[in-house]
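The sequence lines fix the lettering, A, B, ..., with proteins before strands; numbering per chain opens at 1.
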There are 2 protein chains.
Amino acid sequence: MNLKQLSEILGLSQTTVSRALNGYPEVSEDTRTRVQAAAHKHGYRPNSRAKGLATGRSMVIGHVIPSSSQHEMVNPIFGDFVAGAVKKYSENGYDLMFTSADDTSIERAYRSLFQRGAVDGVVLQGPKVNEPRIEVLNRMGVPFIVHGRSTGVDVPYDWVDVNNKSSFLRATRFLIDLGHRRIALINGLEDMDFAQRRRDGYLEAFGQAGLSPDTNLMRSAEMTEVYGHHETQKMLCLDDPPTAILCSSMISAIGVRRALSENGLEMGADVSVIAHDDDLSYLKNGQDVPIFTATRSSVRQAGEIAADMLIKRIKAPDDPVKTRLLEAELVVGRSTGPAPNRLLS
Amino acid sequence: MNLKQLSEILGLSQTTVSRALNGYPEVSEDTRTRVQAAAHKHGYRPNSRAKGLATGRSMVIGHVIPSSSQHEMVNPIFGDFVAGAVKKYSENGYDLMFTSADDTSIERAYRSLFQRGAVDGVVLQGPKVNEPRIEVLNRMGVPFIVHGRSTGVDVPYDWVDVNNKSSFLRATRFLIDLGHRRIALINGLEDMDFAQRRRDGYLEAFGQAGLSPDTNLMRSAEMTEVYGHHETQKMLCLDDPPTAILCSSMISAIGVRRALSENGLEMGADVSVIAHDDDLSYLKNGQDVPIFTATRSSVRQAGEIAADMLIKRIKAPDDPVKTRLLEAELVVGRSTGPAPNRLLS
DNA sequence: CTCACTTTTCAAAGCGCTTTGGATGAATGT
DNA sequence: ACATTCATCCAAAGCGCTTTGAAAAGTGAG
């Protein structure tokens, strides 16, 4: 069932039917309702490709996920971010289109998506430091939003980010205040912008306290469970193991916990742990009492905000750049406690 | 840059340029290379909407995720399944489109996606028992594939599924062989087809051994970490707690482990645990030695297979129905061991 | 009843591509 | 020399929609 058929059934022109359905004023309420009824009855749905061709807009927003040849990992926060975004998209009549691209062809993927008219805007996730994609998108003139920021990129762009630095500063200070001095940082890959900012916060807390961290306790890699376990295991074997661990992800923190319990250590008593909690729906940090003391910020909500901002940008490409910095809250759970009295330290 | 402009630059007709780029034979190799060079030089990318309009195909495959009003959870296996699928899609020139829909409007979402010509085929994830969506899709005549199956639906349809019954049967028998009798099943929501099949396998293993399970040890809910913890906690308080736990997800199994360690119990010695491992990239079950004894089946691979099958279906709508049953492997880790000698049992 | 104006409807062009059904000219066979 | 074939190329139609510019129908004032 297409417009032509529907208009023939109604004995109206395609113009009128189209206008009736799209809410234009130059059609009588009478015929409008008649048209709507017929459309509903015959299950008419305007072909989105034809509509897109005619309007020049696709009502689709693109995401590119790196089908990373390097690291095969699909970021677990991906699902929640997308869930948040897609909710807002559909509220506004947009669909979401994915493409995957390996690390070498991400730029091409974005370019293709936009230039062949498949999308009206794109979302950039997981920016690295000096993220080259941002300039590419800027030059292309595609409306876009970055989830995160990129240190070193000075062209203006829209972004939503959680205040990684302040939240890790605060978490570190919290541990210092509890008497901890040997605080490990199990961080994400430090070419990722968020990881660098978290490290900065961690370092600044030490600086503010007049202390200096042991660089031997700073680790960086992709944030899997096994990684958290592995690094903790190794650090527990040090002559002077950490009394506290600051961990960039809940998943890795679970590995940390596993290592601690394998070594007969009690979390919160022997070793304190703070994790960053993206508030993933399937990995809630406890229900009433949080399992981990954590810096919490919902990545799903970030997805919603990003979607809203991008849609606004698409509608008003020349508006001034907008940014949004979300503050993570520090939720105190049972994984932290005063530093144990240690003979040597 | 569009076809018309490009053809004017080249001094050729749109027909010839189009044919040259799409590899049709009725164009000389000479002009073909010339056209390709010009297309590349000017960054020409055919508009996919126009192409879709002209060809009647959109080269897009649709997924609908329930933005569940009921349970807000975004299935963690979602990301990996999609990653696998999207890889195959892009290898074959397809894009992936998402829409979210709340539980009440999922059918409408599929219908809209297909009938307005936005997609050439759709993927159905997470089928329930007697899944109504399957019949809907069948009636619509949209090519589709189901990840999983649906007991009670007797129309034919393509599916890929892991053999949930046999893998849980095998896991249960493994525990029985180790001397366990009080084996808990921490299952997913039992209106989900996979969960029902797992329970069937579990029950059949008991039946085969001439035993009968304690229905009090069978739990069912959404498979979060907290759920695994909570149910384990409760069952450990029973007069006659389980000596083994069979758990439908790694995420919940992590909660199980947490509950055990909080109770001072050692996994594999005091209580054996088997989990179902979807082999998620960010949640590997250990690197060399598996953490959990597990029934393992890569959901990412399932995504790849599903994508391949769907693409074949789109190309040959009238081929006989194809199905694919994947066998999970039982990997034995350190979370299982002989049933402890207990005074009462 | 006519004029000016508003409301309602329409025919046709256009979005950028593919594809049908020729046209053109060169090459081949006789 | 002619007809015949083949390799290249092209003009134009069509995909299903929106939108422009104009026509028809209705309305109230004079």
Side-chain angles (χ1 to χ4, degrees), chain A residues 1-36 38-39 42-60 93-95 111-120, chain B residues 1-36 38-39 42-60 93-95 111-120:
Chain A
M1 172 64 53
N2 57 23
L3 225 209
K4 193 174 173 188
Q5 292 166 20
L6 185 64
S7 62
E8 277 164 5
I9 290 175
L10 282 159
L12 289 168
S13 74
Q14 297 188 35
T15 312
T16 306
V17 176
S18 169
R19 286 192 159 142
L21 293 174
N22 290 314
Y24 281 76
E26 51 270 87
V27 58
S28 69
E29 273 317 306
D30 214 34
T31 53
R32 189 190 302 282
T33 50
R34 198 162 63 91
V35 168
Q36 280 169 340
H42 294 92
Y44 167 70
R45 292 168 201 277
N47 182 298
S48 32
R49 286 180 311 233
K51 195 163 184 161
L53 232 206
T55 57
R57 280 167 299 123
S58 61
M59 299 305 285
V60 176
Y94 282 87
D95 285 321
R111 196 178 287 282
S112 154
L113 220 43
F114 182 62
Q115 292 184 344
R116 60 180 225 258
V119 302
D120 294 338
Chain B
M1 172 63 53
N2 58 23
L3 225 209
K4 193 175 174 190
Q5 292 167 22
L6 185 65
S7 62
E8 276 164 6
I9 289 175
L10 282 159
L12 289 168
S13 74
Q14 298 189 35
T15 311
T16 306
V17 176
S18 169
R19 286 192 161 145
L21 293 174
N22 291 315
Y24 282 76
E26 51 271 87
V27 58
S28 69
E29 272 318 304
D30 214 34
T31 52
R32 190 190 302 281
T33 50
R34 198 161 64 89
V35 168
Q36 280 168 340
H42 295 92
Y44 168 70
R45 293 169 200 276
N47 182 298
S48 32
R49 288 184 307 246
K51 196 164 184 161
L53 233 206
T55 57
R57 281 168 297 125
S58 62
M59 300 305 286
V60 176
Y94 283 88
D95 286 321
R111 194 177 289 281
S112 154
L113 221 42
F114 182 63
Q115 292 184 345
R116 61 180 223 255
V119 303
D120 294 337

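For the pair B:R49 CZ and C:dG16 P, the computed distance is 9 Å after rounding to whole Å. Between A:D30 atom CG and D:dA25 atom P the separation is 17 Å, expressed in whole Å. We find that NZ of A:K4 is positioned 16 Å from P of D:dT18, with the value rounded to whole Å. Atom-to-atom, CG of A:N47 to C1' of D:dT18 comes out at 13 Å; the value is rounded to the nearest Å. When rounded to the nearest whole Å, the span between OH of B:Y24 and P of C:dC17 equals 15 Å. Taking atom CD of residue B:E8 and atom P of nucleotide C:dG16, one finds them 12 Å apart after rounding to whole Å. Protein atom CD of A:Q14 is 19 Å distant from nucleotide atom P of D:dG21, rounded to whole Å. Remark: P of D:dC9 and CZ of B:R32 are 10 Å apart, rounded to the nearest angstrom.
In this structure, A:T31 reaches the sugar-phosphate backbone alone: every heavy-atom distance under 4.0 Å involves primed, P, OP1 or OP2 atoms, never a base.
Proximity note for A:L12 (side chain, C-beta onward) versus C:dC10, D:dC17, D:dA12: the nearest is C:dC10. Nearest to the side-chain atoms of B:R19 among the listed nucleotides C:dT19, D:dT19, C:dT9 stands C:dT19. Of the candidates D:dT18, C:dC10, D:dA12, D:dA12 carries the atom nearest the B:T15 side chain, counting heavy atoms from C-beta on. If you check C:dG16, C:dT8, D:dT8 against the side chain of B:N2, the one that comes closest is C:dG16. Closest to the A:E26 side chain, of the nucleotides C:dC15, C:dT8, D:dT19, is C:dT8. Distances were taken from every side-chain heavy atom of B:S13 (C-beta onward) to each of C:dG16, C:dT19, D:dC10; the shortest belongs to D:dC10. Proximity note for B:N22 (side chain, C-beta onward) versus C:dT18, C:dT9, D:dT8: the nearest is C:dT18. Residue B:K51 places its side chain closer to C:dC17 than to any other of C:dC17, D:dG16, C:dT9. Checked against D:dC17, C:dC17, C:dG16, the side chain of A:A54 finds its nearest nucleotide in D:dC17.
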Inset, instruction - Go through the steps for B:L3 and B:Y44 under the test side chain to side chain contact (heavy atoms under 4.5 Å, CB included), then give the verdict. - result: CA-CA 8 Å; B:L3 225 209; B:Y44 168 70; 3.6 Å; yes

Inset, instruction - Could you please spell out the steps behind the side chain to side chain contact (heavy atoms under 4.5 Å, CB included) verdict for B:T16 and B:V35? - result: CA-CA 9 Å; B:T16 306; B:V35 168; 5.6 Å; no

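Side-chain atoms of A:S18 and A:T15 include no donor-acceptor pair closer than 3.5 Å.
Residues that satisfy the salt bridge (charged side-chain N to carboxylate O under 4.0 Å, His left out) test with B:R116, not counting sequence neighbours, are A:D95.
Each of A:R57 and A:L53 lies near DNA chain D, and the nucleotide nearest A:L53 is the one positioned closer to the 5' end. The residue among A:V27 and B:T16 whose nearest nucleotide of DNA chain C is located toward the 5' end is A:V27.
Taking only side-chain nitrogens and oxygens, B:S28 comes nearer than 4.0 Å to OP1 or OP2 of D:dC9.
At a threshold of 4.5 Å between non-hydrogen side-chain atoms, the residues B:N22 and B:K51 count as touching. Between A:R45 and A:M1 there is no side-chain heavy-atom pair separated by less than 4.5 Å.
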